[in-house]
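Presented below is the structure to which this report refers.
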Amino acid sequence: MGSFGAGPGRTCGWSVFDGVKAFPAAPETLMAEIDAAVAASEYARATALLSPLCDSDGDDPVEHDLKVADEAYKAARAALAAGRPDTALISLQVALAACPPEKTSAISKLRALVSIASSQQQKAQIVRR
């Protein structure tokens with residue numbers, strides 16, 4: 001168990017560091033590991049959202065396709081430029097689902113655009129009220 005609340009004869013509690021074996025030597029390494037974990041998590045979420053889009057036999061899930069991700073990214077940028085953040089968010093979800101998780105730089109760009117599109121969508125909703 002962890003050291004939280006531990007004393008002579010006491011082993012109750014836990015610590016967030018219980019599962020940590022070693023920290024990376026450089027902050028850049030830690031950030032790269034965090035980015036990779038976030039990318040894998042976003043991929044799993046996007047794949048779950050797109051699970052109805054499996055092949056007709058239902059056996060093969062949607063595969064990573066860099067070309068599809070790039071086209072969806074371009075469509076999202078065009079939608080943002082045209083003032084349609086809702087359309088951009090849909091394209092960005094497709095791009096995130098199609099982008100291979102090891103492309104952390106591309107996923108970071110997509111996440112930044114999701115943030116921008118969400119912000120624009122919220123501003124548009126406030127103006128409508």
Counting only heavy atoms not in Arg77, do more than 12 sit closer than 6.0 Å to its CZ atom? no
With rounding to the nearest 0.5 Å, note down the distance linking CD in Gln93 to CG in Leu110. 11.5 Å
Nearest heavy-atom neighbours spanning Ala117 and Pro85: O-CB, 3.4 Å
For the student: nearest non-hydrogen atoms of Ser118 and Leu89, plus distance: OG-CD2, 3.8 Å
Of the non-hydrogen atoms in Ile107 and Pro100, which two are nearest, and what is the gap between them? CD1-O, 3.7 Å
So, taking the atom named CG in Leu92 and the one named CZ in Arg111, what distance separates them when rounded to the nearest 0.5 Å? 12.5 Å
Where the side chain of Ser119 meets the backbone of Ser115, is there a donor-acceptor pair that is under 3.5 Å apart? no
Look up atom OG in Ser108 and atom NZ in Lys103, then write down how far apart they are to the nearest 0.5 Å. 13.0 Å
Salt bridge (charged side-chain N to carboxylate O under 4.0 Å, His left out) partners for Asp70, two or more places apart: Lys74
Kindly give the heavy-atom pair with the smallest separation between Ala79 and Ala88, and that separation in Å. CB-N, 3.7 Å
With hydrophobic residues grouped by side-chain heavy-atom distances under 4.5 Å, do Val114 and Ile116 end up in a single group? yes
Measure the spacing between CG of Asp65 and CD of Glu71 and express it to the nearest 0.5 Å. 10.0 Å
